[in-house]
Amino acid sequence: MKYLLALSLFVGATSFVVPTRLASRIVVPASETVFSSTSVTENRPFGLFSVAEAPVRTPETSERVDAVRKRYFDASIDAQNAKGCAVDTGDEWWRDESAVNIPGGRPITSSDPLRVIVAGGGVAGLVAAAACHSQGMKVAIFEQASQYAPYGGPIQIQSNALRAMEQISKKCYDELRAAGTVTADRVSGLKIGYKKGVFMGLGPGYKKGDWLVRFDTLQPALQAGLPATVVVDRPVIQQILLNHGVPENTVRIKSRIKYYEELGDGQGIKVVLEDGNVAFCDVLVGADGIWSSVRKQMHGLDKLADGAAASGAAGGALDEREARRMAKDSILMASGANRRYSGFTCYAALCEHRASNIEEVSYQILLGKDKYFVSTDGGGERQQWFALIREPAGGVDEEATEENPEPKLRRLLNEFNNEVPGDANGDVWDDFAHELLRATPEENIKRRDLYDGQPLITQGWAKGQVAICGDAAHPMMPNLGQGGCQATEDGFRLSQELATVTSTKEISESLQTYFQKRIGRTTLIQTAAQLGSDLLVDFDKMMTIPLVGPFFLFMTQVSMPYILRFLYTASF
């Protein structure tokens with residue numbers, strides 16, 4: 001019942017910002033065409049932006065498939081080769097100490113703008129830097145990883161994040177939309193993963209693969225005047241931002257921040273790197289992920305609060321050996337950083353496979369006992385999938401041997417077994433999970449434990465001339481697909497507040513305003529993602545209860561337009 005209460009509270013809170021006209025629900029069978037090409041111009045909050053149009057689904061051509069896969073491959077090679085990253089010359093602006101440590105601060109002008117260092121070169125850091133650059137600030141990114149290494153394939157850039165990006169950089173926005181695959185033109189929702197009865201047979205029960213809830217993610221976007229959600233490969237996003245969002249040589253890799261020192265109110269910051277280099281700036285932004293070293297110092301956390309876990313740029317472990325080490329290190333870091341182990345380990349992969357339901361379904365979750373299987377269209381006739389399994393933190397898979405050359409794949413095939421006798425619970429799963437697993441090579445499957453955290457309402461996101469954003473500020477479970485989207489909103493809002501600064505003495509106040517404008521929205525989304533993730537693995541239990549199960553499904557379906565209209569806003 002706590003979940004029903006939580007859902008009611010979330011819907012109640014978001015209803016204050018949702019127009020009375022709700023988005024339509026999907027009420028036709030998944031095989032029918034439900035969208036047509038149309039323009040929406042009413043209720044548009046920003047008249048200068050492109051008109052939102054309803055996309056029409058057409059099967060991908062072989063040319064499009066080849067182009068999407070080639071762009072992913074090329075961007076991955078560029079990332080591994082650190083293309084677009086800086087090579088030290090010795091005359092970088094951040095080496096100039098004379099620009100800071102000025103008593104009383106200094107005025108900000110077009111010829112002498114704010115100097116911003118961003119810790120972390122993942123999506124959050126690149127967006128924050130691009131946003132600040134768009135406002136005329138000098139920017140530099142210090143990334144601890146030695147290369148960009150994508151984890152889990154494409155990521156969703158939902159409608160709200162696309163609008164934020166459009167305001168940051170029209171060129172990046174256009175490139176992202178051109179590179180992306182629309183997922184809002186088909187059905188999304190929740191399915192039951194296996195045949196499921198109800199309490200004492202009081203009801204028809206459920207067949208494996210039955211839809212429980214279906215979401216229309218397109219109408220809420222169109223009614224808000226926003227573009228439809230797309231998925232884009234992570235390395236492609238990174239290369240777009242490197243090429244069009246920030247100046248050349250903005251990102252310096254192998255640059256882990258050891259500590260920083262504030263030189264005085266309005267007098268700047270001294271940043272010391274582990275390689276011995278020293279940098280100077282007006283503003284330091286921690287976009288360095290859930291184990292943020294900037295947050296560690298800002299909040300005075302335990303010495304175990306950060307470590308060598310892969311950053312946002314790496315996106316995950318570079319290899320299996322590092323993944324095994326990270327599984328153990330993360331337990332210690334979580335205890336020092338006040339982060340929460342979600343209870344889930346997550347297997348993820350991108351497979352080159354034309355899904356059997358590709359023309360009808362873009363996103364679906366198969367629900368089971370203490371586990372669920374998520375899949376989404378990755379574009380280019382590829383499917384991205386995640387298998388979340390509830391178990392203690394720190395677990396690792398067996399190492400590959402001649403007898404068991406595919407330990408991760410073998411486990412997953414058993415966990416989602418589609419043949420009698422089924423999984424360890426005796427449940428025989430819908431064929432779709434097996435379809436994707438069988439199309440995935442063992443080496444493509446990555447595993448990591450999922451951590452999130454409580455909203456930093458009292459601790460804050462800013463102190464003095466230092467602020468945090470993205471996962472450093474609000475790590476969240478992935479089931480709403482809003483982690484990267486909220487980081488994009490952060491970058492936009494941060495740049496907007498810093499753009500009002502006329503003297504370095506005003507930096508601290510502007511960063512506090514940034515925090516105050518963002519904390520309410522991210523708290524709701526972070527909490528909803530956490531509760532939603534916990535709920536998904538208890539769905540099975542709830543479905544056995546007469547009246548409660550059907551009522552919960554009804555409430556979930558009715559609430560989704562409210563939730564989506566809250567997420568898909570043009571103001572943040």
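Throughout, residue positions are numbered sequentially from 1 according to the sequence presented.
For the residue pair R447 and Y347, a side-chain donor N or O sits within less than 3.5 Å of a side-chain acceptor on the partner. A donor and an acceptor atom, one from each side chain of T183 and T229, are nowhere located under 3.5 Å apart. Under the 3.5 Å distance criterion, with hydrogens and angles disregarded, no donor-acceptor pair is assigned to the side chains of E419 and H434. For Q454 and R340, the side-chain atoms include no donor-acceptor pair closer than 3.5 Å.
Residues passing the side-chain hydrogen bond (donor to acceptor under 3.5 Å, both in side chains) test with D423 are K371, W429, sequence neighbours excluded. Scanning for side-chain hydrogen bond (donor to acceptor under 3.5 Å, both in side chains) contacts around N479 gives an empty result, with sequence neighbours left out. For R518, the salt bridge (charged side-chain N to carboxylate O under 4.0 Å, His left out) test picks out E489, D490, with sequence neighbours left out.
Considering only heavy atoms from C-beta on, D449 stays 4.5 Å or farther from S330 through its side chain. A heavy-atom distance below 4.5 Å is found between the side chains of D233 and L350. A 4.5 Å side-chain heavy-atom check between Q239 and V236 finds every atom pair outside the cut-off. Contact of the P154 side chain with the R382 side chain is registered, since non-hydrogen atoms from C-beta on lie closer than 4.5 Å. Contact of the K208 side chain with the I192 side chain is not registered, since no non-hydrogen atoms from C-beta on lie closer than 4.5 Å. Put simply, the side chain of H474 does not reach to within 4.5 Å of the side chain of L456, judged on heavy atoms. In this structure, Q238 and L126 have side chains that are in contact, with non-hydrogen atoms separated by less than 4.5 Å. Y372 has its side chain within reach of S533: a pair of non-hydrogen atoms, C-beta onward, lies under 4.5 Å apart.
The residues K408 and E399 are annotated as not salt-bridged, no charged nitrogen and carboxylate oxygen being separated by less than 4.0 angstrom. The pair R410-E406 does not meet the salt-bridge criterion, since no charged nitrogen lies less than 4.0 angstrom from a carboxylate oxygen. In summary, R354 and D377 do not engage in a salt bridge, as defined by a charged side-chain N under 4.0 Å from a carboxylate O. Residues E391 and R411 are paired through a salt bridge, judged by an N-O separation under 4.0 Å between the basic side chain and the carboxylate.
Geometrically, R186 does not engage Y363 in a cation-pi contact defined by less than 6.0 Å to the ring centre and at most 45° from the axis.
Annotation: E398, atom CD; neighbour count of heavy atoms from other residues, nucleotides and ligands within 6.0 Å does not exceed 12.
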